[in-house]
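A short write-up of the structure that comes next.
This one's a predicted model, so the numbers in the text were calculated from it and none came from an experiment. Computed over heavy atoms, backbone and side chain alike; hydrogens, waters and symmetry mates excluded. Order of the sequence lines fixes the chain letters, A, B, ..., with proteins taken first and strands second; residue numbering starts at 1 for each chain.
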2 protein chains.
Amino acid sequence: MEEKEISKAVIKRLPRYYRYLGELMESGVERISSNELSSKMKVTASQIRQDLNNFGGFGQQGYGYNVKHLYTEIGKILGLDKNHNVIIVGAGNLGQAIANYGAFEKRGFIIKGIFDVNPRLQGVTVRGIEIRMIDELEQFIKDNNVQIAALTIPKTKAAEMAELLVKYGVKAIWNFAHTDLNLPDDILIENVHLSESLMRLSYNITRYEKERLNENDN
Amino acid sequence: MEEKEISKAVIKRLPRYYRYLGELMESGVERISSNELSSKMKVTASQIRQDLNNFGGFGQQGYGYNVKHLYTEIGKILGLDKNHNVIIVGAGNLGQAIANYGAFEKRGFIIKGIFDVNPRLQGVTVRGIEIRMIDELEQFIKDNNVQIAALTIPKTKAAEMAELLVKYGVKAIWNFAHTDLNLPDDILIENVHLSESLMRLSYNITRYEKERLNENDN
DNA sequence: AATCTATTGTTATTATTCTAACAATTTATA
DNA sequence: TATAAATTGTTAGAATAATAACAATAGATT
């Protein structure tokens, strides 16, 4: 029963495969070879084949991959065939942006509730979901079997809130606060650090400007 | 003048170093060793030293690193000491969330304008910046020397809008649309694919649940 | 039915990234 | 001032990841 550990690099690429396959499916493509997919996605065909083979043989020699089948299988690997109950903690623009993102529920993420500290938001609804106050949190998490919390509050409050959420039974946190959360090992954390993304862009712009300067010197 | 190429893996870590150093600075810490930083950040000290040495020797043997100095130097490497003019294209929740993120300007990103197609948003202001219509885009980009556009519109419109932006002179795109943009090589793209992040979380939850099941079997 | 072509699954090779080790050097201590 | 302790910068080695190569196999063609 020895399942070999799949590397993070592979996991990182799976959602992108899933996206491309979804698009192919929508445009009616039935089969695709690793080579065709390779040129669309700008990764090597070799990598595609090796990535997929971590999970078993989804293709057929001489034929390629059946788009629909592969899409479904990757979906299963990613756990998109199961439902997860989610709350959003922090009903600011970012929290509301997430709440309004429709494809969400399509992927099995059911938004059960939205929470905030600001009493002026009490009762306001976003996409049919009413914003609740933090004091309802504990009961709500238990009543609704909430497994995931999207954390969209300022970093100063994030650590404290994360601990509270875990105490109340949340098992995974999708963290948008600009800080790292230190939580028990059995709690899953997926960070979205927008500021870091922006800094990488800044680095690349700077490097690119420098390169152009050097080119002009030669 | 042979500057060795810095690997992407290193660049990815720089913003995180920057964040930790900033926090240390704020709490008044003056010096730090790679070992101390290592235990705070949960990376190896070896990696920290090697990463930093890609850019030159910022530390001193027997002493460690001066926090303020290192912070400043990494800031320079990331290009945070220069200003960049930004527009936000798409004034939905996500666009507004970005506009409202204060630390932004602190890092040298000056939000010059916000644009949308929805005429009902015309004239509405976000953080003192008035929302403009797309027909003003070309003139605005030229008048304000806009280099970066944050693209926060639905994926169906994203490719077309990106091409327009590039045509009008934008040099870099911070892409929040759930699609890959195909643009000329000299245009920089930094993708923030939230749906992929969510799928990774989903994968990890699924895998974790499976592991727990297996443990119970043994 | 036999042969050819396409294309996977898998193994081998190469490249990249990370970690460990240690000599060089600075600061602190006696 | 000499010695010990701390800690970097850098080189060497180990581990991981990516690419290339190719044998196996299915489908297409004659």
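Note: CD (A/Gln60) to P (D/dA26) measures 7 Å, nearest angstrom. Across the protein-nucleic acid pair, A/Leu37 atom CG and C/dG9 atom P stand 13 Å apart, rounded to whole Å. When rounded to the nearest whole Å, the span between CD of A/Glu36 and P of C/dA6 equals 12 Å. What separates NZ of A/Lys12 from P of D/dA18 is a distance of 12 Å, to the nearest Å. The distance between atom CG of A/Asn54 and atom P of C/dG9, rounded to the nearest whole Å, is 12 Å. Rounded to whole Å, atom C1' of D/dA17 lies 15 Å from atom CD of A/Glu5. Between the CG atom of B/Asn35 and the P atom of D/dT7 there is a distance of 8 Å, given to the nearest Å. In this structure, B/Phe55 atom CZ and D/dT10 atom P are separated by 14 Å, rounded to whole Å.
Judged by distance alone, the side chains of A/Tyr20 and B/Asp180 do bring a donor and an acceptor atom under 3.5 Å apart. A donor-acceptor contact closer than 3.5 angstrom links the side chains of B/Asn93 and A/Asn100. B/Asn175 and B/Asn191 share a donor-acceptor pair across their side chains, judged by distance under 3.5 Å alone.
The residue among B/Phe58 and A/Val10 whose nearest nucleotide of DNA chain D is located toward the 5' end is B/Phe58.
Close to D/dA6, at under 4.0 Å from its OP1 or OP2, lies no side-chain N or O of B/Tyr65. For the pair A/Arg13 and D/dA17, the criterion of a side-chain N or O lying under 4.0 Å from OP1 or OP2 is not met. Applying the 4.0 Å criterion to OP1 and OP2 of D/dT16, one finds that A/Ser7 has every side-chain N and O outside that range. The phosphate of C/dT8 (OP1 or OP2) has no side-chain N or O of A/Arg31 nearer than 4.0 angstrom.
Applying a 4.0 Å cut-off to non-hydrogen atoms, the residues of residues 41-53 of chain B that approach DNA chain D are B/Arg49, B/Gln50, B/Asn53, listed by residue number.
Other residues, nucleotides and ligands contribute over 12 non-hydrogen atoms within 6.0 Å of the CD atom of B/Glu209.
Listed here is the closest heavy atom pair of A/Ile153 and A/Gly90: CG2-CA, 3.6 Å.
Between the base of C/dT7 and the side chain of A/Gln61 there is no donor-acceptor pair shorter than 3.5 Å.
Judged by the 6.0 Å distance and 45° axis criteria, A/Arg31 is positioned over the aromatic ring of A/Tyr63.
Put simply, the residue from B/His193, B/Lys155, B/Lys157 that forms a side chain to side chain contact (heavy atoms under 4.5 Å, CB included) with B/Thr179 is B/Lys155.
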